[in-house]
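Report on the structure given below.
Because the structure is a prediction, the values reported are computed rather than measured. In what follows, chains are A, B, ... by sequence order, proteins preceding strands, each numbered from 1.
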Amino acid sequence: MQRSLFPSADSDGRAISSLGTALEGLNDAQREAATCLGSPVLVIAGAGTGKTRTLVHRMAYLVDQGISAENILLLTFTRKAAQEMIDRAGRLIDHSAQRITGGTFHAVANILLRRFGHHLGYASNFTILDRSDSEGILNLIKSSLNLGSSGKRFPTRRVICNLLSRAVNKSRSLEETVEDQYAHLAEFLDDLVKIQKHYHQFKLEHGLMDYDDLLVNLQKVLSQVGEVRREVSGRFRHILVDEYQDTNPLQADIVRLAAEGHNNVMVVGDDSQSIYSFRGADFRNIMDFPQIFPGTTLIRLEENYRSTQAILSLTNAIIDHATEKYNKKLFSSIAGGDKPIVNGTWDDSAQARWVCDRISGLVDAGVPLSEMAVLFRSGFHSYKLELELTNRQIIFEKRGGMKLTESAHIKDILSYLRVINNPADHLSWNRILLLLDKVGPKTVQRVLETIRSAEDPLAALHEYPAPPAWRAQLKALLTMLKDISAPGFTPVMMYDAAMDYYREIFERIYHDDYPTRSRDLEQLRQLVAGYPDLQSFMDDTTLDPPGATDETAGGRLGGDGESLVLSTIHSAKGLEWDHVFVIHLAAGRFPTCQPFMRDEWEEERRMFYVAATRARKNLYLTYLRESNSFDRQAASGGISPFLAEIPSHLVQGGESMTGWSGAAVSAAVVTRSRQPRDISMFQEGVAVRHPFFGEGRIEKSAGTRSVEVFFSRHGRKTLHLDYARLEVIE
DNA sequence: TGAGACGCTGTTTTT
DNA sequence: CAGCGTCTCA
């Protein structure tokens with residue numbers, strides 16, 4: 001098991017030589033990053049410059065240097081990414097690489113908190129809440145506090161959830177967050193603070209942690225309990241972090257604490273690909289790393305091995321327009337290539353058809369589906385395309401968007417399993433009891449109130465004096481739960497028994513569409529069947545939730561093999577394909593209609609950059625000529641400003657299309673010509689009106705094309721003059 | 001107090 | 001194109 005610190009040449013000679021060969025295959029910067037020991041390392045790596053490769057080689061190198069795989073921690077943005085890198089490292093050395101700990105911050109936090117959470121008052125069987133669980137609790141609190149009904153436009157649970165999460169991830173107080181991000185909610189501040197308190201209390205009392213708690217509590221236990229910190233940093237002697245530009249200060253602090261005493265940390269990131277500000281990430285954080293870890297070695301990877309020069313010229317042009325960036329231009333080692341193709345269509349269906357035609361063409365030319373992907377800004381942008389693909393029997397796999405575990409019927413069945421694992425989980429009890437006929441919110445509240453402090457909730461429920469109307473139902477429920485909590489029940493046995501009980505309810509409450517929904521239940525069963533214990537099944541389904549639609553047209557999906565990937569840009573991070581389609585590059589969709597602030601606008605642009613840099617050989621960009629739908633008030637230009645600002649000689653197809661070159665030019669002219677007029681008008685102290693924020697006054701100009709405006713209803717905002725539709729009030 | 005019908009709203013992005 | 005909140009009836 002234990003690798004010797006100084007392996008003999010005999011046992012490892014072969015591994016060393018093959019790793020040696022592999023290291024020679026890296027370029028100088030990559031090799032330095034992979035083998036640099038003795039100081040913290042910050043790797044700034046442009047898209048496609050081989051950062052995954054570098055991480056993989058570094059892991060292999062560390063093990064080869066005699067560092068035990070158990071002592072290595074790899075933090076990535078998805079579990080799959082971690083596993084793939086570890087597998088690749090294993091291929092460079094040997095299977096001992098499999099003992100490297102790898103996963104997301106959240107997944108690792110989960111494991112550590114099961115062990116160390118008791119320092120914070122958490123039992124080891126806590127339940128992890130997904131987003132809809134959190135919203136559910138907020139709803140319970142909202143109604144128990146009688147908020148929302150009395151007030152006028154009390155924020156929805158969704159908005160509250162975002163607000164609370166944002167405050168946590170940015171490590172700021174609720175007051176501060178409301179003040180500068182949600183100024184329009186200022187009048188509800190007192191109630192929001194109250195909700196936050198209750199929410200916190202509820203989770204603690206019932207053994208629940210939301211996603212944010214995993215990070216917060218890990219940070220807390222590491223910083224407050226020296227013994228834990230020492231054990232963790234002693235265990236993980238080398239820490240590697242991928243996609244560092246998308247970590248927030250909380251995560252950065254976790255890394256700092258976990259590395260205390262040795263500082264063997266390597267982080268890899270690209271400021272131009274930072275697209276998670278809503279989670280508290282700021283691309284500037286990456287530049288703070290050397291301050292957190294003095295003596296950092298900085299390495300830059302600048303040669304792109306992924307894309308053709310034609311694609312890189314376009315992506316360089318995209319990022320050229322960024323107002324603030326640290327990176328330089330990337331150069332490709334693959335000269336030439338086809339220019340990206342731009343195509344405009346009149347509506348959603350035509351766009352879907354065009355994409356499908358292209359895909360069919362590629363398939364006919366012998367390209368496997370797994371070498372193609374369609375990317376978009378928001379989950380719902382692919383609906384029309386999904387229909388068209390299904391019609392044409394093209395097998396696809398959708399990533400991002402609605403999750404399987406978020407649908408009501410799945411939550412129902414999971415609730416039964418959850419209370420087995422954590423009987424204190426009142427959120428699940430709430431759901432379970434609500435499913436009984438003749439039992440509504442009021443009754444549930446009463447029931448839960450009486451068993452609130454019970455040692456054994458199951459027994460307490462047995463004692464509960466239920467009225468005849470639902471006494472028998474309660475009996476049946478409790479019998480089922482008692483049955484499946486017997487020792488020796490595997491997760492799938494539990495699932496089946498719970499399903500037997502639930503089926504009747506299921507068909508009653510979803511009477512109009514339960515056949516469709518039951519397909520999901522079957523899918524869930526397959527999933528459960530792969531797990532030997534309940535806890536890990538539940539952890540995995542919340543920490544790495546399966547997508548909603550996994551199989552389509554051709555019936556069964558064949559593993560990860562032959563299917564086309566449809567993905568949100570966020571979920572496509574770090575991946576690459578030969579042929580990439582980016583659809584809905586239309587104003588109002590991409591960028592989404594929300595971004596009023598310059599930072600948000602810039603982040604949308606980086607998203608486009610991330611999307612385009614996923615392509616190796618061919619890139620297709622499509623847009624709708626006119627916004628045909630509801631958002632009338634949004635400046636309804638067809639083409640996305642991000643496309644319009646790109647020089648048309650970098651793409652093909654545009655000129656022959658009526659509209660594109662014209663539209664591009666005119667859109668560019670519109671945005672540019674607006675500004676000379678504007679700039680001079682928007683002086684300090686001038687009263688202005690914004691279509692969303694209302695009236696305000698300019699406080700100062702921030703940079704050449706931005707102003708800071710104080711709006712009476714929404715507080716201070718920084719607006720980009722090229723894009724914000726700001727008028728001067730006479 | 002629960003169940004069912006109806007109309008409204010509101011839609012990034014992820015762990 | 002839902003999932004919610006509100007309203008009415010039992």
Side-chain angles (χ1 to χ4, degrees), chain A residues 75-79 81 103-110 128-136 139 142-143 148-149 153-159 161-162 165-166 168-169 209-216 218 243 246-248 250-251 274-281 375-381 383 399-403 405-408 433-446 467 469-470 508-513 539-545 547-548 567-573 584 588-595 600 603-604 606-607 610-611 629-631 634:
Chain A
L75 293 164
T76 57
F77 47 100
T78 65
R79 168 173 309 188
T104 60
F105 275 89
H106 293 85
V108 171
N110 175 42
I128 304 169
L129 304 170
D130 70 15
R131 197 198 162 82
S132 50
D133 296 327
S134 302
E135 290 182 3
N139 240 9
K142 229 167 89 175
S143 54
S149 47
R153 295 190 56 80
F154 202 78
T156 61
R157 60 196 206 303
R158 193 180 190 77
V159 172
C161 200
N162 279 333
S165 178
R166 207 183 177 94
V168 171
N169 280 291
M209 284 197 209
D210 63 21
Y211 290 129
D212 298 335
D213 292 328
L214 289 171
L215 299 183
V216 170
L218 177 58
E243 306 282 4
D246 285 324
T247 58
N248 60 35
L250 203 51
Q251 291 166 311
S274 165
I275 56 174
Y276 277 85
S277 68
F278 64 91
R279 215 159 74 182
L375 309 181
F376 33 84
R377 172 69 242 259
S378 310
F380 68 94
H381 289 168
Y383 289 164
R399 301 185 188 166
M402 181 73 173
K403 297 294 189 312
T405 45
E406 271 165 16
S407 43
L433 294 172
L434 226 35
L435 290 173
L436 302 176
D437 202 13
K438 310 287 177 213
V439 175
K442 283 274 153 57
T443 312
V444 173
Q445 199 115 56
R446 264 205 308 269
W470 46 279
R508 170 167 54 85
I509 57 179
Y510 304 109
H511 47 83
D512 43 349
D513 64 345
D539 288 353
D540 282 8
T541 45
T542 45
L543 288 174
D544 193 13
S567 176
T568 59
I569 293 167
H570 285 90
S571 301
K573 195 156 73 103
H584 281 297
R589 294 217 163 196
F590 193 172
T592 101
C593 27
Q594 266 99 315
E600 294 174 4
E603 178 147 316
E604 296 284 317
R606 289 195 295 271
M607 248 178 266
V610 169
S629 53
F630 38 93
D631 43 29

N/O to N/O distances under 3.5 Å, protein versus nucleotides 5-7 of chain B:
none

Spacing between A/N139 atom CG and C/dT6 atom P, to the nearest angstrom: 11 Å
For A/D544, all residues meeting salt bridge (Lys or Arg N to Asp or Glu O under 4.0 Å), sequence neighbours excluded: none
Whole angstrom value for the distance that separates C1' of B/dT12 from CG of A/L375: 15 Å
Touch class at under 4.0 angstrom, heavy-atom based, for A/R131 against every strand present: base
Atom-to-atom span, CG of A/L436 to P of B/dT1 - whole angstrom: 17 Å
Nearest to side-chain heavy atoms of A/R377, which nucleotide of B/dT15, B/dT1, B/dT13: B/dT13
Closest-nucleotide 5' rank along DNA chain B - winner of A/T78 and A/R508: A/R508
Backbone of A/H106 reached by a side-chain donor or acceptor of A/N110 within 3.5 Å: no
Minimum-distance nucleotide (side-chain atoms of A/D437 versus B/dT15, B/dA3, B/dT13): B/dA3
Sugar-phosphate only, base, or nothing, as touched by A/F105 at under 4.0 Å among non-hydrogen atoms: nothing
Set of residues satisfying salt bridge (Lys or Arg N to Asp or Glu O under 4.0 Å) with respect to A/R158, sequence neighbours excluded: A/E135
Results of side chain to side chain contact (heavy atoms under 4.5 Å, CB included) for A/Y510 - residues two or more places apart only: A/A408, A/H409, A/D412, A/Y502, A/F506, A/D513, A/Y514, A/R517
Toward the 5' end of DNA chain B, by each residue's nearest nucleotide, A/Y276 or A/K438: A/K438
Spacing between A/H570 atom NE2 and B/dT12 atom P, to the nearest angstrom: 12 Å
Atom-pair distance (CG on A/L250; C1' on B/dT15), nearest Å: 13 Å
Residue-phosphate contact under 4.0 Å: A/S571 side-chain N/O, B/dT13 OP1/OP2: no
Side-chain N or O of A/T568 closer than 4.0 Å to phosphate OP1/OP2 of B/dT14: yes
A/F278 aromatic ring stacked with six-membered ring of B/dT13, 5.5 Å and 30°: yes
Polar side-chain contact A/R279-B/dT13 base: donor and acceptor under 3.5 Å: no
Touch class at under 4.0 angstrom, heavy-atom based, for A/R446 against every strand present: sugar-phosphate
Sequence-distant partners of A/R399, salt bridge (Lys or Arg N to Asp or Glu O under 4.0 Å), two or more places apart: A/E397
A/D246 and A/R279 ion-paired at < 4.0 Å: no
Residues which pass side chain to side chain contact (heavy atoms under 4.5 Å, CB included) with A/V444, listed by chain and number, not counting sequence neighbours: A/N430, A/L433, A/L434, A/V439, A/L448
A/R131 and A/E406 ion-paired at < 4.0 Å: no
Euclidean distance, atom CD of residue A/E135 to atom P of C/dG5 [Å, nearest integer]: 11 Å
Nearest-Å distance for atom pair CD/P, residues A/E243 and B/dT13: 19 Å
Set of salt bridge (Lys or Arg N to Asp or Glu O under 4.0 Å) partners for A/D130, sequence neighbours left out: A/K411
Under 4.0 angstrom between A/R157 side-chain N/O and C/dC4 OP1 or OP2: yes
Euclidean distance, atom CG of residue A/D133 to atom P of B/dT14 [Å, nearest integer]: 17 Å
By side chain to side chain contact (heavy atoms under 4.5 Å, CB included) - contacts of A/S277 (at least two apart): A/E603
Dump the pairs, protein N or O against N or O of nucleotides 8-10 of chain C, anything under 3.5 Å, distances to one decimal.
none

